[in-house]
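Lettering of chains follows the sequences in order, A, B, ..., and the numbering in each one begins at 1. Since the structure is predicted, the reported quantities are computational estimates derived from the model, not experimental observations.
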Number of protein chains: 2
Amino acid sequence: MLDKIDLKIIEVLHQNSRASFVEIGKLIPLSASSVRERIQKLEELEIIKAYTLKVDYSKMGYGLEVFIMIKLFSGKLESFMAALDSFPEIKRAIRITGSHNIHMKVVLKDQLHLQRFIDMLIKYGEPTTQLILSELK
Amino acid sequence: MLDKIDLKIIEVLHQNSRASFVEIGKLIPLSASSVRERIQKLEELEIIKAYTLKVDYSKMGYGLEVFIMIKLFSGKLESFMAALDSFPEIKRAIRITGSHNIHMKVVLKDQLHLQRFIDMLIKYGEPTTQLILSELK
DNA sequence: ACTGAAAGCGACCAGAT
DNA sequence: ATCTGGTCGCTTTCAGT
C-alpha cells in the first residue's frame, strides 16, 4: 500500500507543506513528475486530508490556550455540534470516550474571555479546563 | 498589528497551505507580489510557524487514535521529555495544568500496540487513556 | 504598501521506456 | 511506475507610485 517513498514524501510535506515537487524530489531522490503523481494519488485516496498552517496565537493577541473537556447534559449533543461553527475560539473539538464526551482546544484573549466562554458552555454540560503551558512535541 | 488582509491570508492558508500567491491574491483581492510580501512578514514575525499536513492515520494502518494524559512521577519530567523523540507514536505532547501534567495525542496500530505503549508509559507516571471517536471540528 | 513588468523556475501534460 | 521535453503559469525581484 504505502511504500517508503510515500512515507518520505509525507514526512517532507509534514515539515513543509509548501515544498515544491522539485524540492521534494531532490530529497528522495525522484523526478518532480513522479513526486507529483504520488502526491496526487495520496490526495485522491484521502491519505493526505489537507494542507494547513501552524500559527502563533499568542502573537495574534490570543494569550490563553486551553483544553476544555465537557460532559454534555443528556440530549445536548445535537445542539452543541450545531453551535460549534459559531465559536471561532474553538480550534478543535473531538468526541472521546470516558466521563467527558468532548475534548476541545480553545484559544482566548484573556481570563475575562475565558470566563465568558465557560459561562456559555455550561448551557451544554459540565466543563473542565486545563491551561496549555508549553508544547513539548 | 494584524489587519483584515493578514487575517484573510492566514485563513486561506489554513484551508490550503499550498495555495499560490496568485490564488490568494484573487480572493482578497491583492496582487501576487503584495501577498508574498505580507506572508514573508508573517513568517519573519513567526506568526506563521509552519506549513504542515493533515493525514488520515487509519488509512495508513494506524486504526487507534487516543489521547493519553499522564501524571508524571516526581523527578520524571526530564527523562520523559528526553524520551519523546524515540516514540513516533506520540504525535503531540503538551504540558498542561491540573492533576495530569502532560496531554498527548498518540497513534497506534491496534489494541496490542496500545497495551505495549501503556506498559512503557507506566515507567514515567500514571496514564489515563481516552479513545478518539470522531473529529467534530 | 501596493502595483506591474521581466526573467527564471516550477507545474503540468504528453509521449516513451 | 518513472522519466524527459515542451508549454504555460507562478514566483521572484525590482523599479515606480
Charged N-O contact under 4.0 Å between [X] and [Y]:
X        : Y        : answer
B:Lys105 : B:Glu65  : yes
B:Asp3   : B:Lys8   : no
B:Asp110 : B:Arg116 : no

Whole angstrom value for the distance that separates [atom2] of [N] from [atom1] of [X]:
X       : N      : atom1 : atom2 : answer
B:Arg38 : D:dT11 : CZ    : C1'   : 19 Å
B:Ile39 : C:dC2  : CD1   : C1'   : 15 Å
A:Ile28 : D:dT2  : CD1   : C1'   : 13 Å
A:Phe21 : D:dT4  : CZ    : C1'   : 17 Å
A:Leu30 : C:dG10 : CG    : P     : 16 Å
A:Arg18 : D:dC10 : CZ    : P     : 13 Å
A:Glu43 : C:dC12 : CD    : P     : 9 Å
B:Met1  : C:dA1  : CE    : P     : 13 Å

Quiz item: Mapping A:Lys41 and A:Ser33 to their closest nucleotides on DNA chain D, which lands nearer the 5' end?
Solution: A:Lys41
Quiz prompt | Mutual orientation of the aromatic rings belonging to B:His103 and B:Phe67 [parallel < 30°, tilted 30-60°, perpendicular > 60°] | solution = tilted
Considering every strand and a 4.0 Å limit on heavy-atom distances, what is the contact class for [X]: base, sugar-phosphate, or nothing?
X       : result
A:Glu23 : nothing
A:Ser20 : sugar-phosphate
B:Arg36 : base

Quiz prompt | Listed nucleotide nearest any side-chain atom of B:Glu37, set C:dT3, D:dA1, C:dA11 | solution = C:dT3
Quiz item: Okay, side chain of A:Thr97, backbone of B:Leu131: is any donor-acceptor separation there less than 3.5 Å?
Solution: yes
Quiz item: Does OP1 or OP2 of C:dT3 have a side-chain N or O of B:Ser34 closer than 4.0 Å?
Solution: yes
Practice problem: Could you say whether A:Gln40 or A:Lys26 is positioned toward the 5' end of DNA chain C, judged by the nucleotide with the nearest heavy atom to each? | Solution: A:Lys26
